[in-house]
Amino acid sequence: MTQASPTGSTPRRIVIDTDPGQDDAVAILLALASPELKVEAITTVAGNVPVALTTKNACALLELAGRRDIPVFEGAARPLHRAPISAEHVHGETGMAGANLPPPKLRPQAIDAATHLIDLLRREPAGTITLVCLGPMTNLALALTHAPDIVSRIAQIVAMGGAQREGGNITPTAEFNFFVDPHAARIVMRSGVPITLLPLDVTHRAIATPARLKPIAAIGSRVTDMVVRMLGAEDRFEKLKYGWEGGALHDPLTIGFLLRPDLFSGRTCNVDVEVDAPLCLGQSIVDLWAVTDRVPNALWINDVQADAFYSLLTERLALLD
């Protein structure tokens with residue numbers, strides 16, 4: 001398991017590929033607040049809402065955090081082989097209901113996300129860039145398809161996606177990110193890049209309960225006030241759906257894993273994605289017990305020390321204004 005760079009050493013360089021999304025926003029803020037990580041760029045993709053909105057949201061978040069130096073690259077507007085699917089019913093019409101951020105002045109760069117990923121990975125020393133994928137994997141699949149030489153240059157991919165034990169959250173069998181673009185997810189899973197997946201199996205163990213959000217609310221900064229508002233807006237859906245005290249904090253667990261892998265546990269196994277069966281489209285096929293001869297291709301995370309993760313999140317968000 002790759003360890004996060006300790007404070008005082010060279011930060012781990014990451015690109016965040018994202019479709020903000022309230023929980024994407026918290027993941028981005030956690031990364032920006034963590035000196036162990038250096039966010040090289042944010043690439044956006046259609047997912048929770050259309051790509052024009054995910055790009056706008058990414059720019060607004062960077063301005064909120066005072067990080068206009070980080071470039072944003074707009075990516076794919078639709079999945080590889082199917083019509084776009086979005087989740088305004090969960091995240092609101094803008095994707096970030098509750099954020100109430102002003103329109104950003106920051107604008108995306110002129111080149112698209114996949115082209116930027118290819119250029120960056122070819123330019124920088126092999127093994128120095130980690131890709132953090134918080135949404136559908138369309139941009140990553142496009143980059144890997146157009147430039148297969150970059151496979152050996154990616155340090156690893158850490159992604160929120162998939163589900164096994166928990167079942168699906170958009171269909172009975174599929175998690176949203178894999179369902180939106182199952183063909184992209186299959187390309188990435190079969191690419192040969194080292195992959196860590198944080199599926200619903202683990203994110204549903206990290207519920208944003210009132211007790212866990214209370215210390216964040218007590219900080220009282222612009223950032224933490226926004227985080228609490230956003231999670232309150234998003235949580236209404238999962239409270240109603242699952243009967244929980246709060247919603248699952250999905251995407252920030254990717255950053256939590258990079259910072260504190262000791263808080264997580266899982267199993268190395270083969271994970272593939274169904275692309276043909278209508279009832280199971282986007283399903284994660286997880287060979288957790290090695291009952292096939294398929295070669296392991298991912299670390300499938302299935303548990304987290306949730307209270308310790310929320311303590312880390314609170315500590316880091318307090319560092320932002």
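On a predicted model such as this, the values are computed, not experimentally measured, just so you know. Starting from 1, each residue takes its place in the sequence as its number.
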Next item on the list: Report yes or no: does Arg186 contribute a side-chain atom to a donor-acceptor pair with the main-chain N or O of Val273 at less than 3.5 Å?
Entry: yes
Next item on the list: Look at the side chain of Asn270 and the backbone N and O of Ala298, then say whether any donor-acceptor pair between them is shorter than 3.5 Å.
Entry: no
Check: Is there a side-chain contact between Pro199 and Glu175 (heavy atoms, below 4.5 Å)?
Finding: no
Notebook entry, point to check: Are the side chain of Asp303 and the backbone N or O of Val202 linked by a donor-acceptor pair below 3.5 Å?
Noted result: no
Next item on the list: Taking all non-hydrogen atoms of both residues into account, name the closest pair between Ala97 and Gly92 and its distance.
Entry: CB-CA, 4.1 Å
Item checked: Residue pair Gln156 / Leu258, side-chain heavy-atom distance below 4.5 Å -> yes
Checklist line | His116 and Phe73 aromatic ring geometry - parallel, tilted or perpendicular at 30°/60° bounds | finding: parallel
Next item on the list: Kindly compute the distance separating CG (Leu140) from CG (Leu117), expressed to the nearest 0.5 Å.
Entry: 6.0 Å
Check: Thr44 and Glu74: side-chain donor and acceptor closer than 3.5 Å?
Finding: no
Next item on the list: Report the C-alpha separation of Leu320 and Leu29 in whole Å, then their side-chain angles, then the decisive distance to 0.1 Å, and conclude whether the side chain to side chain contact (heavy atoms under 4.5 Å, CB included) test is met.
Entry: CA-CA 8 Å; Leu320 300 172; Leu29 292 169; 4.0 Å; yes
Notebook entry, point to check: Taking a hydrophobic cluster as the set of Ile, Leu, Val, Met, Phe, Trp and Tyr residues connected by side-chain heavy atoms closer than 4.5 Å, whether directly or through intermediates, do Met189 and Ile150 fall within one such cluster?
Noted result: yes
Check: Judged by atom type as modelled, is there a donor-acceptor pair below 3.5 Å linking the side chain of Ser34 to the main-chain atoms of Leu37?
Finding: no
Next item on the list: Locate the shortest heavy-atom distance separating Gly135 from Asp19; write the atom from each residue and the value.
Entry: CA-OD1, 3.5 Å
Next item on the list: Return the minimal non-hydrogen interatomic distance between Phe179 and Ala174, and the atom names on each side.
Entry: CB-CB, 3.8 Å
Item checked: Spacing of Gln22 atom CD and Thr94 atom OG1 [to the nearest 0.5 Å] -> 7.5 Å
Notebook entry, point to check: Are Ile118 and Val72 connected, step by step, through hydrophobic side chains (Ile, Leu, Val, Met, Phe, Trp, Tyr) whose heavy atoms are closer than 4.5 Å?
Noted result: no
Item checked: Min side-chain heavy-atom separation Phe257-Leu253 under 4.5 Å -> no
Check: Taking all atoms of both residues into account, what is the closest heavy-atom pair of Val271 and Ser284, and its distance?
Finding: CG1-CB, 4.5 Å
Margin query: Show the nearest heavy-atom pair for residues Asp225 and Ala217, with the distance to one decimal.
Written below: OD1-O, 4.4 Å
Item checked: Interatomic distance, Ile285 atom CD1 to Phe178 atom CZ [nearest 0.5 angstrom] -> 10.5 Å
Checklist line | Over all atoms of both residues, closest heavy-atom pair of Ala308 and Leu263 | finding: CB-CD2, 3.7 Å
Next item on the list: Decide, yes or no, whether a salt bridge links Asp272 with Arg294 under the criterion of side-chain N to carboxylate O below 4.0 Å.
Entry: no
Margin query: Counting C-beta onward and ignoring hydrogens, is there a side-chain heavy-atom pair between Val90 and Asn48 closer than 4.5 Å?
Written below: no
Notebook entry, point to check: So does Arg82 pair up with Asp181, basic N to acidic O under 4.0 Å?
Noted result: no
Note to self: Before you tell me yes or no, could you show the steps for Ile195 and Val188 under side chain to side chain contact (heavy atoms under 4.5 Å, CB included), namely the whole-Å CA-CA distance, both residues' side-chain angles and the distance that decides it to 0.1 Å?
What the structure shows: CA-CA 9 Å; Ile195 299 173; Val188 174; 4.0 Å; yes
Checklist line | Transitive ILVMFWY side-chain link Met160 to Val45, under 4.5 Å | finding: no
Check: Taking the side chain as C-beta and beyond, is there a heavy-atom pair between Thr171 and Leu281 under 4.5 Å?
Finding: no
Notebook entry, point to check: Has the side chain of Arg165 got a donor or acceptor atom that lies under 3.5 Å from a matching backbone atom of Asp201?
Noted result: yes
Checklist line | Test side-chain hydrogen bond (donor to acceptor under 3.5 Å, both in side chains) applied to Asn139 and Asp17, step by step | finding: CA-CA 8 Å; Asn139 291 332; Asp17 189 69; 2.9 Å; yes
Next item on the list: Return yes if a side-chain donor-acceptor contact under 3.5 Å exists between Thr224 and Ser221, otherwise no.
Entry: yes
Notebook entry, point to check: Rounded to the nearest 0.5 Å, what separation is found between the CD1 atom of Ile42 and the CD atom of Gln109?
Noted result: 12.0 Å
Notebook entry, point to check: Does Thr55 reach the main-chain N or O of Ala52 with its side chain, forming a donor-acceptor pair under 3.5 Å?
Noted result: no
Note to self: Run Phe264 and Gln305 through side chain to side chain contact (heavy atoms under 4.5 Å, CB included) and show every step you take.
What the structure shows: CA-CA 7 Å; Phe264 296 81; Gln305 298 176 42; over 6 Å; no
Item checked: Euclidean distance, Leu30 CG relative to Leu259 CG, rounded to 0.5 Å -> 5.5 Å
Check: Can you tell me how far the CG atom of Asp287 sits from the OG1 atom of Thr268, to the nearest 0.5 Å?
Finding: 12.5 Å
Next item on the list: Spell out, as yes or no, whether a donor-acceptor pair under 3.5 Å connects the side chain of Glu88 to the backbone of Glu93.
Entry: no
Check: Is the CG atom of Asp321 crowded by more than 12 outside heavy atoms at less than 6.0 Å?
Finding: no
Note to self: Do Pro215 and Tyr310 make a side-chain contact, defined as non-hydrogen atoms from C-beta onward lying under 4.5 Å apart?
What the structure shows: no
Item checked: Residue from Asp251, Ile16, Asn57 passing side chain to side chain contact (heavy atoms under 4.5 Å, CB included) with Ile28 -> Ile16
Check: Do Val227 and Phe309 belong to the same hydrophobic cluster, where Ile, Leu, Val, Met, Phe, Trp and Tyr are linked whenever their side-chain heavy atoms lie under 4.5 Å apart, directly or via other members?
Finding: yes
Next item on the list: Any chance you could lay out the side chain to side chain contact (heavy atoms under 4.5 Å, CB included) test for Leu144 and Ile154, step after step, and finish with the verdict?
Entry: CA-CA 10 Å; Leu144 290 164; Ile154 302 170; 4.1 Å; yes
Check: Are the side chain of Arg13 and the backbone N or O of Lys38 linked by a donor-acceptor pair below 3.5 Å?
Finding: no
Check: Is Asp24 reaching over with its side chain to a backbone N or O of Thr18, donor-acceptor style, under 3.5 angstrom?
Finding: no
Notebook entry, point to check: Is any side-chain heavy atom of Met96 less than 4.5 Å from a side-chain heavy atom of Val49?
Noted result: no
Next item on the list: Give a yes or no on whether a salt bridge exists between Glu124 and Arg153, defined as a side-chain N under 4.0 angstrom from a carboxylate O.
Entry: no
Check: So, does Arg12 use its side chain to make a donor-acceptor pair with the main chain of Glu36 at under 3.5 Å?
Finding: no
Notebook entry, point to check: Going hydrophobic residue to hydrophobic residue with side-chain gaps under 4.5 angstrom, can you get from Met137 over to Leu121?
Noted result: yes
Check: Do the side chains of Leu62 and Leu32 get nearer than 4.5 Å, heavy atoms only?
Finding: yes
